[in-house]
Amino acid sequence: MIIQNFKFGIRSLMKDKKSTILLIFGLTISLVAVILIALWITDEVTYNRSFKKSDRTYQLVARFDKDLDKFTYSSPAVIANHIKTDITGIEEICRIQKSAFTSFRTTLGQFNEEGIFADNSFIEIFTPNIDLQNDQNLFPSDHSIIITETLAKKLFKNIDPIGQSIQLELDWILKTGDEAFNVSGVIKDFPENSSLKGSFILPYNLLRRIKGKDFESEWGNFQTTTFILLNSNTEAKDISKQLTTIQKSKFGTDDENAQGGLYNKFEYRLQNIQNLTLYSPTGEGKRILLVYTFLILGLAILSIACVNYVNLVTAKATKRSKEIGLKKIIGASKKHLFFQYIFEAIIVFAISMFSAILIAYLLMPFFNQLAEKQLHFSFRSIELYFVILITFITSILLAGIYPATLFSSQKLSGLLKSSDPSKSGKSIIRKTLIVVQITSTVMLIIGSIVFEKQIQFMRKKDLGYDKENVFLFEQKNFLPHYEAVRNDLEKESGILGVTAASSDLTNFGSETADISWKGKTANQTNFFITQVGIDRNFTKVMGIPLVDGKGFTGTASDSNYVYLNESAIQQMGIKDPIGKSIELYGKNMIIAAVMKDFNFTDLKTAIKPCVFFLGNGFALGGMYVKASPNETQKAVAAVQRLWAKYNPDYTFQYNFLDESFDKLYKTDLVSGKLISILTIIAIILSCMGLAGMIVFTTELKVKEIGIRKTLGATVNNILLIIVKDYFLLIGISFLIAFPISWLILSKWLENYIYRTSINYWVFLVTAAITMILAFITIAKISMKAAKANPINSLRNE
C-alpha cells in the first residue's frame, strides 16, 4: 500500500507541474530560512556548553549599587584566596585575565596574538582537550606557555611544538624585553561560542611581576575574571552572600543600613556561564529576547509556507473532485484517500527538505559573514536532524492533514456534482489563515522599517565629536617618541590633526570612585566617574567644544588641571566650577574647563560623568589621526611609513572611529540585516499565498465569470468581484498588525536612551507596500480569468 500510495502521489504531482513547482519552491525557501535560523539559535543557546562542567561553573559578577542595573563582570584577584580558605561548597576556582597583543618570535617568523593569563586550575574547570608535557600540570614553571593548535601550526608547522622555546615580550608598554617560554602543552582551539578567547595561555603568576607585588592584595582592583566551580549540592545564592560579606568587611561596610561607604550597597552575584550572554546576572532577559524573536520568525515563516501549501492544494480541489468521487465508487475507503494525500505532502516535503539542506549548505559562508558567526554545517549534526524532524512533523500537521481530511471526508454526491469540497466553515478557516499570514508579514515590514530607522538615527546623530575620517591605533613604540611622531605626521598634507588618549573614544571603560570635592554628600559616596588621559589638543582635533574655561595652558602646570564634562558638573552639584579643586586619587586637581557632553558609549546608555587629565600615570596608548576628506588612505600610508621605523616588529592595525561606533551596535546591525532578509522571504511567501487563494477563487467562480461575461460584464467588473474580498482581508490584517507592532516596537525602543520615533508614515508606507504587492499578485492571476473565453467554461452546461 505504501508503494502504491507513493506512485499515486508522484503521478498526481506530475499532472500539474506548475503547481507542484510552486509548492516545492515555497516550502524550500521557508525550510532554508528555518535551518539557518535553527543553526543560529543553537549557537546562541549552547554558549559555553561545550565545557563538561558548565552546569556547575559560575562567573563572579559585581554590582556596586544593588538598586541599579549595572554590573561589573570582574573582581579583585585577592578574593580568590578567601574563596578557597573561608567558603565551603566550592570545588575549584580559576582567575583569568586577557592579555594584550603579544609578539611571538620563532625561526619561522613573528606573529602577534592575543591570549589569556590563567591559574593552574583552568584545566579542572574547563576540562579542555589538551596534550600536556607534564601530566595534569599546565605550567611546570612561570615560563611555561600553552598554545592552541592553530597557533602551533603557525609557529612550528609540522614540528612537535611541545618542549619548543618561544621568545615573548610580555608588556610592550613597560618594555619588559624578550623572554624565553617553554611550550608545555597544546590545546584545542577555544570554541567560538564561549567565554574563552585567544590563542595561548600564560601562568597567572606572571601578572604579579607585570602589575606589581601589590596586585593580589588590592581589594578595590576589579580587573580579574573569576570562575568558580561549585559542588553539585551547593546553592549559588549562598556563595554570593558570603562573598559579598567578605568584600564589604574589608572596607568596613558590613552594615546594610550604614550611611555612606563605597560598598554599603555592594553585592556579588554568581552567574552560570551558560547564561552569560542570554540573561543578565539578575536573571532578566537579555540576548534571550533576540533568540525568542528569531524562533518566532522561523516558526512564522514555516507556518506561512504551510498555509500556502494548504491554499494551493485546495485551489486544485474542483479539478480533483471527480477523481476522488470515482475512486470512492470503485471502493476507495476514507482511510485510503487520507493516506494518499498525506503521501503527496510527504513527497513534497522530502523534495523540499533535500533541496533546502543543499541550499543551506551552500549558503553557509554567506550566512556566517552576514551573521558574523562561525557556524558549521555538518550532515552528522544531531541538531540538523532534530530540525528536520520538527519541521517534518510541523509541515505534515499543518499542511498535510487538513487537505487530506478535507478531500477524504466529502460525500460522494457532492464530489460528482463538482461542488466546492471546501465550502462554509472551511472557507472561514482559509480566510483566517490568510489574515494571520498577512498580519505577520505587515508586522515584519513595520519592524524592519523602524529597526533601520533607529540604526540610521544612531549613525547620523550628533555624538558631540567628529568621528569622520578619524582612525585609531595602539601606539606601541610610538609612545616614547610621541611628540616627534605627532610633529612628523602633522606635516603631512593629508593629515588635519594628531592626538592621543588612554582608551578608545567609543568605549571609555575605566571608572573610579576615588574622587572627592567640596560639598560631596553621603548620598554621593557611590559616585563613579569615567577617567581618561588625553593629550592637550584632544578636544581641538576631535571637535569637542569647551562650554566653560580656557582649558590647558601648554605649560608644566597642566599636569594639575582636569576637564569635567557637563554631566559630571551637574551630578556633582558644583557651581561656578572653573578654578575650583577636586581630589582625584588623593591629589588636588584644578578644574580648567567644562567639556560639552558627548557620547562615549552606545546610545542605549545615558552620558556618564567623565574626568579628563594629562597623563597622570595613564599611558596614552591610543593615537588618533584625523585625515582630510578623501585622503584617508594617504594619511594611513604616512603612518605606515613611520610605523616601519618605530615598530618594525609589529603589524600595523587600525580602525576608523565610525567603524568602532558600528561595533557598539553589532548585535542590532546584524539582527537588522537578518530581519530584513526574513521579511523579504515572508513577503514572497505571502504573495504566493495570495496567489494560491486567487487561483482557488477563480476555480470556484469560473462558470459565474462565464455567465457574467455573456451578460455584458467588463474585465474591470470581473476583477472587482474577485479581488474585493481579499482587500477586505488585507484591511483586517492592518487593523490587527498596526497596534500590535506599535506596542512591541515602543517597548523595544525603550532599550535606547536616544531613540527615533514611530511616525505615522511608517504605517502608511507599510500599507502602501502591502497593497501594491497584493494588487500586483491578485491582478496578474485575476486578469487571466477575467479575459478567458466564457464558451470554454460554459460548454458542458
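Quick caveat: nothing in here was measured; it's all calculated off a predicted structure. All values below come from the heavy atoms of this structure, side chains included, with hydrogens, waters and symmetry mates left out.
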Correct closest heavy-atom pair for Gly298 and Val34 would be O-CG2, 3.5 Å
Do Ile145 and Ile147 come within less than 4.5 Å of each other through their side chains, counting heavy atoms only? yes
So, does Ser502 use its side chain to make a donor-acceptor pair with the main chain of Gly533 at under 3.5 Å? yes
Inter-residue atom distance Glu267.CD - Thr245.OG1, 0.5 Å rounding: 11.5 Å
Counting only heavy atoms from other residues, nucleotides and ligands, does the tally under 6.0 Å from CD of Glu235 exceed 12? no
Any donor and acceptor pair, going by atom type alone, linking the side chain of Asp142 with main-chain N or O of Asn205 inside 3.5 Å? no
Under 4.5 Å between any side-chain heavy atoms of Thr679 and Ser676, yes or no? no
Hey, mind stepping through Glu114 and Lys197 against salt bridge (Lys or Arg N to Asp or Glu O under 4.0 Å) and telling me if it holds? CA-CA 8 Å; Glu114 282 185 304; Lys197 307 294 180 186; over 6 Å; no
Between Gln247 and Ile79, the two heavy atoms sitting closest are OE1-CD1, 4.1 Å
Side-chain heavy atoms of Leu151 within contact of Glu113, under 4.5 Å: yes
Any side-chain to backbone donor/acceptor pair from Thr234 onto Gly89? Under 3.5 Å, distance only. yes
Verify side-chain contact (heavy atoms from CB on, under 4.5 Å) between Ile228 and Leu270, making sure each step is shown before the conclusion. CA-CA 8 Å; Ile228 301 174; Leu270 288 181; 3.8 Å; yes
Are more than 12 heavy atoms, taken from residues, nucleotides or ligands other than Asn158, located less than 6.0 Å from that residue's CG atom? no
Step by step, would you call Ser54 with Asn48 a side-chain hydrogen bond (donor to acceptor under 3.5 Å, both in side chains)? CA-CA 7 Å; Ser54 62; Asn48 277 333; over 6 Å; no
Does the plane of the ring in Tyr268 sit parallel, tilted or perpendicular to the ring in Phe266? Use 30° and 60° as the thresholds. perpendicular
Do Tyr58 and Phe227 make the cut of ring centroids closer than 6.0 angstrom? no
From CZ (Phe117) to OH (Tyr204), nearest 0.5 Å: 10.0 Å
Between the side chain of Ser99 and the main-chain N/O of Gly115, is any donor-acceptor distance below 3.5 Å? yes
Please find out if less than 6.0 Å separates the ring center of Trp643 from that of Phe478. yes
In terms of heavy-atom contacts, Glu218 and Pro76 come closest through O-CB, 3.6 Å
Apply side-chain contact (heavy atoms from CB on, under 4.5 Å) to Tyr624 and Phe473, showing your working. CA-CA 7 Å; Tyr624 298 77; Phe473 53 89; over 6 Å; no
To the nearest 0.5 Å, what is the distance between CD (Glu92) and CD1 (Ile83)? 11.0 Å
Between Glu149 and Lys188, does the salt bridge (Lys or Arg N to Asp or Glu O under 4.0 Å) criterion hold? Intermediate values first, please. CA-CA 6 Å; Glu149 292 176 346; Lys188 191 173 182 180; over 6 Å; no
Should we count OH of Tyr646 as having more than 12 external heavy atoms under 6.0 Å? yes
salt_bridge(Lys476, Glu474) N-O dist < 4.0 Å: yes
On a heavy-atom basis, which atom in Leu138 and which in Phe122 lie closest, and how many Å separate them? CD1-CB, 3.7 Å
N/O donor-acceptor pair under 3.5 Å between Tyr47 side chain and Ser194 backbone: yes
Step through the shown structure and confirm whether more than 12 heavy atoms of other residues, nucleotides or ligands are within 6.0 Å of OH on Tyr292. no
Heavy-atom pair with the smallest gap, counting every atom of Pro203 and Ser141: CG-O, 3.9 Å
Are the side chain of Asn368 and the backbone of Leu375 linked by a donor-acceptor contact shorter than 3.5 Å? yes
Taking the side chain as every heavy atom from C-beta outward, state whether Tyr73 and Gln271 have any pair of such atoms under 4.5 Å apart. yes
Please check if the side chain of Thr127 supplies one atom and the backbone of Glu124 the other of a donor-acceptor pair under 3.5 Å. no
Can you tell me if Asn231 uses its side chain to pair, donor with acceptor, with the backbone of Asn233 under 3.5 Å? no
Is any side-chain heavy atom of Leu674 closer than 4.5 Å to one of Ile37? no
To the nearest 0.5 Å, what is the distance between CD1 on Ile146 and CD1 on Ile123? 8.0 Å
Which residue, Thr226, Asp119, Thr224, forms the side-chain hydrogen bond (donor to acceptor under 3.5 Å, both in side chains) with Arg95? Asp119
When you compare the side chains of Thr46 and Asn193, does any donor N or O come within less than 3.5 Å of an acceptor on the partner? yes
Salt bridge (Lys or Arg N to Asp or Glu O under 4.0 Å) for Lys467 and Asp658? Distances and angles first, verdict last. CA-CA 6 Å; Lys467 63 182 173 66; Asp658 53 358; 5.7 Å; no
Quick one: CZ on Phe367 to CD1 on Ile677, what's the gap to the nearest 0.5 Å? 8.5 Å
Answer yes or no: are there more than 12 heavy-atom neighbours, outside Gln369 itself, under 6.0 Å from its atom CD? no
Any salt bridge linking Glu192 with Lys373? Criterion: basic side-chain nitrogen under 4.0 Å from a carboxylate oxygen. no
Stepwise side-chain contact (heavy atoms from CB on, under 4.5 Å) test for Ile87 and Ile246: CA-CA 10 Å; Ile87 300 178; Ile246 291 173; 4.0 Å; yes
Do the non-hydrogen side-chain atoms of Leu202 and Ile116 ever get within less than 4.5 Å of each other? no
Tell me, with the steps shown, if Ile159 and Gln164 meet side-chain contact (heavy atoms from CB on, under 4.5 Å). CA-CA 9 Å; Ile159 301 174; Gln164 298 292 330; 3.8 Å; yes
Distance check, rounded to the nearest 0.5 Å: Glu44 atom CD versus Arg287 atom CZ? 4.0 Å
Judged by atom type as modelled, is there a donor-acceptor pair below 3.5 Å linking the side chain of Ser74 to the main-chain atoms of Thr225? no
Decide yes or no for Phe600 and Asp504: does some side-chain heavy atom of the first lie under 4.5 Å from some side-chain heavy atom of the second? no
Determine yes or no for a side-chain-to-main-chain donor-acceptor pair under 3.5 angstrom, with Ser121 supplying the side chain and Ile93 the backbone. yes
Between Thr282 and Ser280: side-chain donor-acceptor atoms closer than 3.5 Å: yes
4.5 Å side-chain heavy-atom contact, Phe652 and Asn647: no
Of the non-hydrogen atoms in Leu290 and Ser671, which two are nearest, and what is the gap between them? CD2-OG, 3.2 Å
